[in-house]
Amino acid sequence: RLKNRDFSVLDEFSRMPSSPTKELERLKRHIIDMGVSLQNYIAHLDEKVAQKTQELALINYSLEQRVNEEMIKRHKQEQLMIERSKLAAMGSMMSAIAHQWRQPLSIISLQIHEILDAYRFKELTEEHLEHMTQKALITLNSLSKTIDGFRSFFKTDEEKKEFDALKHLHEAVMILEAEMRDNQIDINESHSIDKIIVFGYQHEFQHVCYQLIANAKDAILYAPSLFSRTITISTLCDSEFFTLFVEDEAGGVPSEIAH
C-alpha cells in the first residue's frame, strides 16, 4: 500500500543538502520503490478481479443449472399431469367404446339372422349372400376405424408439428357421438372455414377437445331438468390465433366429476 511520504518528492528535493548526487540517488530509489509498490497493488487488484470474475461465473453457471433443472422438472410434472388425465379418462373411453360399438354390432347381428332366415326358407341366393356380406364388411370396417381412433387418442406426441385442428376435433366428437345419441344430447358445430392448420401437439389437442366435450356432456347429465340438451362447438380464427368454444346451458360441470 502506498504511503503519503512516497508522494513528497518535491519536499525532499527542496531540502536537498550540499551533496545533490546522493540525494538524487535516494529520490530515484524512492521513485523505483513507489513504482514497484504500485505494480504490486495493480497485480493484487487484477488477482481480486479475476477471483471475483470466477466466483461470478460459478454463480451464473449454478443459477443456469438450477433454472434448467426447474424447467425439466416442470415439464415432467406437466407430462405426468397429462398422463394422469389420460388414465382418468380411460373409464370414460371404455364407456364410449361400448356405446360406439353397440349399434354396429346390433346391425351385424341382424344381418346374420337375416342370412339364417333366408337359408331356412331356401331364399338364400349367391347374390343375396354377397350383398349381406358386403354390408357386414362395411360395418366391420367402421368398427376398425373406431378402434384406430381410440388408439390414436392415447398416443403421446414426441414433437410439435402442423396438423388440421378441425380433423382432430371431429375425431374427438366421433368418440362421444354414440354416447351423446343414447343420452339424447345434440352437438351443433359452427366453423367459418373447412380446415384450420395449427402448429403443436396434435394428440394433446384432441385429448383437450375430448375432455371439454365430455365435461359439457356430464354437466347436462347432472342437470336433468335442463330444457336445452345441446352442446355448441364453434371456432374463431385470425392471423395468429385459433380459439375453440365448447358451450352448453347446464351452468358448469360439478368440480368433483370434472376431468
> What do you reckon, is CD of Q77 surrounded by more than 12 foreign heavy atoms closer than 6.0 Å?
Replying inline: yes
>> Any side-chain to backbone donor/acceptor pair from R74 onto E69? Under 3.5 Å, distance only.
In response: no
> Got more than 12 heavy atoms from elsewhere within 6.0 Å of CD, E55?
Replying inline: yes
> Counting only heavy atoms not in Q51, do more than 12 fall under 6.0 Å of its CD?
Replying inline: yes
>> Please determine whether side-chain contact (heavy atoms from CB on, under 4.5 Å) holds for the pair T235 and F245, giving the CA-CA distance in whole Å, both sets of side-chain angles, and the decisive distance to 0.1 Å.
In response: CA-CA 6 Å; T235 52; F245 300 93; over 6 Å; no
Per-pair distances, 0.1 Å, donor-acceptor, side chain in residues 127-138, under 3.5 Å, sequence neighbours excluded:
from	atom 1	to	atom 2	distance (Å)
T133	OG1	L129	O	2.7

>> So I196 and V198, do their side chains get closer than 4.5 Å, heavy atoms only?
In response: yes
> Out of curiosity, N215 CG to Y210 OH, how far, rounded to the nearest 0.5 Å?
Replying inline: 10.0 Å
> How many angstroms lie between atom CG of L27 and atom CZ of R29, to the nearest 0.5 angstrom?
Replying inline: 9.0 Å
>> Between D186 and I231, does the side-chain contact (heavy atoms from CB on, under 4.5 Å) criterion hold? Intermediate values first, please.
In response: CA-CA 6 Å; D186 296 324; I231 297 174; over 6 Å; no
>> In the structure I gave you, are the side-chain heavy atoms of I193 and C237 within less than 4.5 Å of one another anywhere?
In response: yes
> Mind checking whether L221 and K217 have side chains closer than 4.5 Å, heavy atoms only?
Replying inline: yes
> Roughly how far apart are E78 CD and E204 CD, rounded to 0.5 Å?
Replying inline: 10.5 Å
> For the rings on F199 and F163, is their centre-to-centre separation under 6.0 Å?
Replying inline: no
> Pick one: which of L116, I115, L110 meets side chain to side chain contact (heavy atoms under 4.5 Å, CB included) with I112?
Replying inline: L116
> In Å, rounded to the nearest 0.5 Å, how long is the span from NE2 of H168 to CD of Q202?
Replying inline: 4.0 Å
> Does any non-hydrogen side-chain atom of N188 lie less than 4.5 Å from one of T230?
Replying inline: yes
> Side chains of L244 and C209: does their closest heavy-atom pair fall under 4.5 Å?
Replying inline: yes
> Could you give the distance from CD (E249) to CD1 (I220), rounded to the nearest 0.5 Å?
Replying inline: 8.5 Å
> Do side-chain atoms of D164 reach the backbone of L166 as a donor and acceptor pair under 3.5 angstrom?
Replying inline: yes
>> Are E189 and L169 packed together at the side-chain level, in the sense that at least one heavy-atom pair is separated by less than 4.5 angstrom?
In response: yes
Side chains of residues 58-68: which donor-acceptor partners sit under 3.5 Å, not counting sequence neighbours?
from	atom 1	to	atom 2	distance (Å)
N60	ND2	L56	O	3.4
N68	ND2	E64	O	3.2

>> Quick one, L38 with M34, criterion side-chain contact (heavy atoms from CB on, under 4.5 Å). Give me CA distance, side-chain angles, the key distance, then yes/no.
In response: CA-CA 6 Å; L38 184 60; M34 185 173 63; 5.6 Å; no
> Which word best sums up how the rings of F242 and F205 line up, parallel for under 30°, tilted for 30 to 60°, or perpendicular for over 60°?
Replying inline: tilted
> Does any non-hydrogen side-chain atom of T232 lie less than 4.5 Å from one of D248?
Replying inline: no
> Would you say Y119 has more than 12 foreign heavy atoms packed within less than 6.0 Å of its OH?
Replying inline: no
> Going from CD on E171 to CG on L176, what distance comes out if it is rounded to the nearest 0.5 angstrom?
Replying inline: 13.0 Å
> Quick one: are H170 and H191 in side-chain contact, heavy atoms under 4.5 Å?
Replying inline: yes
